[in-house]
S.K.: 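One structure follows; several queries about it will come next.
Just so we're on the same page: letters track the sequence lines, and every chain starts at 1. Basis for what follows: all heavy atoms, side chains included, without hydrogens, waters or symmetry-related copies. These figures come from a predicted structure and were not determined experimentally.
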Number of protein chains: 2
Amino acid sequence: MDNATSKRNTKQKAAIERVVLSSCDHPSAETVCERVRKELPSVSLGTVYRVLKALALEGRIREISLPNAPSRFDKTTDIHAHFVCLGCGSVTDVNAEESEFLSRTRSALPDWRIEEADIVFKGLCPNCKEIKL
Amino acid sequence: MDNATSKRNTKQKAAIERVVLSSCDHPSAETVCERVRKELPSVSLGTVYRVLKALALEGRIREISLPNAPSRFDKTTDIHAHFVCLGCGSVTDVNAEESEFLSRTRSALPDWRIEEADIVFKGLCPNCKEIKL
DNA sequence: ATGATAATGATAACGATTATCAATAGTGCT
DNA sequence: AGCACTATTGATAATCGTTATCATTATCAT
């Protein structure tokens with residue numbers, strides 16, 4: 001329940017972690033802040049950034065870095081691929097057999113130590129694809 | 001030789017494209033600017049950004065978006081994986097059978113239209129791995 | 001050469017994120 | 001419970017990469 005980097009338990013930390021763990025839509029720091037404010041109206045955006053960064057460092061949540069867009073935060077912590085819809089901006093988990101891809105790549109590149117992977121697909125989600133057709 | 005978006009040929013555009021096409025180290029906009037200044041000491045960083053963006057849009061070069069780091073620019077325009085070394089910061093092309101991975105993913109997700117993919121590995125390159133051991 | 005206007009250079013503005021710092025509030029001790 | 005210590009907060013300024021603005025310059029069809 002406790003951890004090394006965080007020395008004191010505050011309602012802010014608890015609420016921020018709770019929001020990410022109960023969100024399925026990969027919210028940005030700003031969105032997390034809005035949701036936390038439903039419960040704690042005075043949280044500052046700075047605190048949200050600070051706590052999210054700490055949680056990611058502790059491995060309790062995952063930061064999804066997106067090109068030319070604010071980072072999103074994910075309750076799923078293992079490496080997995082994401083799809084960003086260029087139509088609606090949604091971020092979704094996709095099953096791309098990324099773990100197999102990762103292990104293949106690792107064995108193909110034995111001299112490189114791969115510690116992280118960001119796999120981001122961009123295009124149109126089923127909804128937006130239908131609209132554009 | 002000519003293109004649609006660009007209406008006039010300037011020495012700045014020519015020099016900027018030449019620098020990217022002759023660079024093998026995936027330079028950032030700032031680095032491109034420094035190199036162009038060897039030849040055209042008065043180019044502004046704004047122009048470099050503007051031209052790089054246009055060249056990427058025209059498909060003559062590729063922008064590599066990296067998490068929490070300035071974009072790099074690449075003479076290779078097709079989708080391919082990159083490796084960012086957490087030790088020395090270098091960005092390298094790696095062969096990860098990414099085209100096979102892409103086509104597998106496309107057929108696994110027929111309802112999603114995948115138009116782009118950013119595949120970025122992070123870890124230690126052979127050099128830095130050796131130092132850290 | 002000349003004129004229309006695209007492109008430039010200088011600089012301000014921007015959005016996302018991080019740093020600063022005085023005020024607040026957990027936590028261990030009595 | 002009260003108190004002291006100090007980690008954490010909220011407010012705000014600062015930073016970084018990038019984009020926008022705009023007066024000046026330079027390209028190119030005529």
S.K.: Is the phosphate of C:dT8, meaning OP1 or OP2, less than 4.0 Å from a side-chain N or O of B:S44?
M.R.: no
S.K.: Please work out which residues in residues 64-76 of chain B have a non-hydrogen atom less than 4.0 Å from an atom of DNA chain D and list them by number.
M.R.: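 Per residue number, the list reads B:P70, B:S71.
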S.K.: Does either side chain, that of A:H80 or that of A:D74, offer a donor lying less than 3.5 Å from an acceptor on the other one?
M.R.: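 A:D74 and A:H80 do have a side-chain donor-acceptor pair below 3.5 Å.
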S.K.: Using a strict heavy-atom distance below 4.0 Å, which residues from residues 24-38 of chain B are in contact with DNA chain D?
M.R.: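 DNA chain D contact set from residues 24-38 of chain B: none.
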S.K.: Identify whether the distance between the nearest side-chain nitrogen and carboxylate oxygen of A:K13 and A:E17 falls below 4.0 Å.
M.R.: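 Not counted as a salt bridge, because no side-chain N and carboxylate O are separated by less than 4.0 Å.
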S.K.: Is the shortest distance from a Lys or Arg side-chain nitrogen in B:D93 or B:K75 to a carboxylate oxygen in the other one below 4.0 Å?
M.R.: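 A salt bridge is absent here (no side-chain N lies under 4.0 Å from a carboxylate O).
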S.K.: Could you tell me the Watson-Crick or G-U partner of D:dC16, where both distances fall under 3.5 Å? Say none if there is no partner.
M.R.: C:dG15
S.K.: Tell me whether A:E30 at atom CD has more than 12 heavy atoms from other residues, nucleotides or ligands lying less than 6.0 Å away.
M.R.: no
S.K.: Choose from C:dT8, D:dT18, D:dT8 the nucleotide whose nearest atom is closest to any side-chain atom of B:Y49.
M.R.: D:dT18
S.K.: Sugar-phosphate means primed atoms, P, OP1 and OP2; the rest is base. With that split, encode nucleotides 23-30 of chain C 5' to 3' as B, S or - using protein heavy atoms under 4.0 Å.
M.R.: --BBS---
S.K.: Would A:E63 and A:R72 pass as an ion pair if we require N to O under 4.0 Å?
M.R.: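 Salt bridge absent between A:E63 and A:R72.
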S.K.: Should the pair B:R104-B:E97 be classified as a salt bridge under the 4.0 Å nitrogen-to-oxygen rule?
M.R.: no
